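Data block below; observations after.
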Amino acid sequence: FFPLAFETVYLVKDGNLVNDKKGGAVRTVDQQLFNLFTSVVGEEAVLEHVKEWRVFQNESSDLGAFVELIAGSEDWIVGVNRDSYDANYEQVVRSFVNLFVHEYAHILLFNKPEFETTFKNTFWTSSDLAHQAKVERASASSRFTVMSHYFDNNPTRFVSDYATMNAEEDMAETFLSFVLEGKQTGVNIKDKKILSFYKESDLVKLRTQLRANLLLLNAL
């Protein structure tokens with residue numbers, strides 16, 4: 001789905017990276033990123049969902065990571081842009097932690113179609129959909145300007161400018177806030193979006209697990 005030039009593509013077997021090239025090794029940075037992802041989402045989640053790990057480097061891309069369902073299966077590809085990663089800088093590591101929570105949300109919510117439908121029908125307006133169409137028409141260089149402008153005009157409806165891209169990204173960004181923040185009061189729309197996740201007992205349980213993982217990483 002993503003037309004990227006991957007530096008390395010690994011299979012994930014029994015929770016470990018495997019380079020299928022003859023004599024192929026696992027690069028240190030690739031292993032570091034995979035270990036970080038595993039530490040964030042947990043070993044069980046990796047075993048259940050992840051079958052490929054892809055790494056690319058593109059300093060000009062605004063894509064930090066992605067997940068993609070492997071056609072005809074329930075397994076996922078996880079791809080990550082290693083360009084800015086440096087394990088020695090806490091803030092950089094924390095940004096990747098947040099990125100991985102966001103991407104994991106896409107996997108989780110794909111398996112909750114009723115929740116997705118309710119979220120879209122409840123919170124996404126005709127104005128939001130018109131904005132989404134505008135974002136899709138925008139050039140790569142102007143896309144974030146379009147989203148930032150819409151977010152600035154709707155600060156109580158979205159948790160971030162990226163959340164305005166479409167309902168799927170809104171849900172993933174809202175899930176990140178659900179994990180990182182305390183329970184909201186429900187005063188405005190973005191709070192109500194976060195509170196909608198608390199109605200899902202499985203997600204509440206998962207929130208506790210993820211927060212425990214992030215505490216161990218000093219990322220909460």
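Quick caveat, the model's predicted, so the values are computed rather than measured.
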Could you tell me whether a side-chain N or O of Ser73 sits under 3.5 Å from a main-chain N or O of Ile70, the two making a donor and an acceptor?
yes
Restricting to non-hydrogen atoms, name the atom on Leu180 and the atom on Ala219 that form the minimum distance, rounded to 0.1 Å.
CD2-O, 4.5 Å
For the residue pair Phe66 and Phe56, establish whether any side-chain heavy-atom pair is separated by less than 4.5 Å.
yes
Is the backbone of Thr164 close enough, under 3.5 Å, to the side chain of His131 for a donor and an acceptor to pair up by distance?
yes
Could you walk me through whether Asn153 and His149 satisfy the side chain to side chain donor-acceptor pair (under 3.5 Å) test, starting with their C-alpha distance in whole Å, then the side-chain angles of each, then the deciding distance to 0.1 Å, before giving a yes or no?
CA-CA 6 Å; Asn153 289 330; His149 180 71; 3.3 Å; yes
Side chain proximity check, Phe34 to Asp30, heavy atoms < 4.5 angstrom:
no
Quick one: does any side-chain atom of Glu90 pair with a main-chain N or O of Asn88 as donor and acceptor, under 3.5 Å?
no
Please name the pair of heavy atoms, one in Trp124 and one in Met165, separated by the smallest distance, quoted to 0.1 Å.
CH2-C, 4.3 Å
Would you check if the side chain of Asp128 reaches a backbone N or O of Thr125 as a donor-acceptor pair within less than 3.5 Å?
yes
May I ask you to check whether Phe115 and Phe197 place their ring centers less than 6.0 Å from one another?
yes
Side-chain (Asn19) to main-chain (Ala25) donor-acceptor, under 3.5 angstrom:
yes
Value rounded to 0.5 Å, distance of NZ in Lys112 from CD in Glu114:
8.5 Å
Does Glu68 pair with Arg54 as a salt bridge, N-O distance under 4.0 Å?
no
Any side-chain hydrogen bond (donor to acceptor under 3.5 Å, both in side chains) involving residues 36-50? Give me the pairs, sequence neighbours left out, ordered by first then second residue.
none
Do His102 and Tyr162 make a side-chain contact, defined as non-hydrogen atoms from C-beta onward lying under 4.5 Å apart?
yes
Arg157 side chain to Phe123 main-chain N or O, any donor-acceptor pair under 3.5 Å?
yes
Looking only at heavy atoms, what is the nearest atom pair of Tyr10 and Arg27, with distance?
OH-N, 3.2 Å
Would you indicate whether the side-chain heavy atoms of Phe6 and Val55 approach each other to under 4.5 Å?
no
Is the backbone N or O of Thr145 less than 3.5 Å from a side-chain atom of Ser142, with the two atoms forming a donor-acceptor pair by type?
no
Mark yes when over 12 heavy atoms from residues, nucleotides or ligands other than Glu181 sit less than 6.0 Å from its CD; otherwise mark no.
yes
Exactly one of Asn35, Leu33, Val41 clears side chain to side chain contact (heavy atoms under 4.5 Å, CB included) with Phe37, and that residue is Val41
Do the side chains of Val40 and Val101 get nearer than 4.5 Å, heavy atoms only?
yes
Nearest heavy-atom pair of Ser160 and Glu173: which atoms, and what distance?
OG-OE1, 2.6 Å
Do Val18 and Val12 make a side-chain contact, defined as non-hydrogen atoms from C-beta onward lying under 4.5 Å apart?
no
Apply the test side chain to side chain contact (heavy atoms under 4.5 Å, CB included) to residues Lys120 and Met171: give CA-CA distance (whole Å), side-chain angles for both, the deciding distance (0.1 Å), then the verdict.
CA-CA 9 Å; Lys120 293 176 184 178; Met171 284 185 283; 4.1 Å; yes
Do side-chain atoms of Arg94 reach the backbone of Asn218 as a donor and acceptor pair under 3.5 angstrom?
yes
Please name the pair of heavy atoms, one in Leu99 and one in Ala65, separated by the smallest distance, quoted to 0.1 Å.
CD2-CB, 3.7 Å
For residues Trp53 and Trp76: do they belong to one hydrophobic cluster (side chain heavy atoms under 4.5 Å, members Ile, Leu, Val, Met, Phe, Trp, Tyr)?
yes
Can you tell me how far OG of Ser95 sits from CZ of Phe100, rounded to the nearest 0.5 angstrom?
9.0 Å
Same cluster for Leu36 and Leu47 if Ile/Leu/Val/Met/Phe/Trp/Tyr side chains link at under 4.5 Å?
no
Salt bridge (charged side-chain N to carboxylate O under 4.0 Å, His left out) contacts touching residues 188-199 (sequence neighbours left out):
Asp170-Lys193
Atom NZ of Lys134 and atom CG of Leu129: how far apart are they, to the nearest 0.5 Å?
15.0 Å
Could you measure the distance from the CZ atom of Arg207 to the CG atom of Leu203? Nearest 0.5 Å is fine.
11.5 Å
Nearest heavy-atom contact between Leu195 and Thr185 is CD1-C, 4.2 Å
Go through the steps for Val179 and Arg211 under the test side chain to side chain contact (heavy atoms under 4.5 Å, CB included), then give the verdict.
CA-CA 7 Å; Val179 170; Arg211 286 177 65 85; 4.1 Å; yes
Just wondering, are more than 12 heavy atoms of other shown residues or ligands nearer than 6.0 Å to CG in Asn121?
yes
Aromatic contact between Tyr198 and Phe178, with the criterion being ring centroids under 6.0 Å apart: yes or no?
yes
Just wondering, do Leu214 and Val97 contact through their side chains at under 4.5 Å, heavy atoms?
yes
Under 3.5 Å: donor-acceptor pair, side chain of Asn81, backbone of Leu63:
yes
Nearest 0.5 Å please: distance from the CG atom of Asp202 over to the CG atom of Leu108.
8.5 Å
Can a salt bridge be assigned to the pair Glu7 and Arg82 using a cut-off of 4.0 Å between side-chain N and carboxylate O?
yes
Any side-chain heavy-atom pair from Thr156 and Ile189 closer than 4.5 angstrom?
no
Spacing of CG belonging to Asp86 relative to CD belonging to Gln91, to within rounding of 0.5 Å
13.0 Å
Just by modelled atom types, is the Ile107 backbone N or O under 3.5 Å from a matching donor or acceptor in the Asn111 side chain?
yes
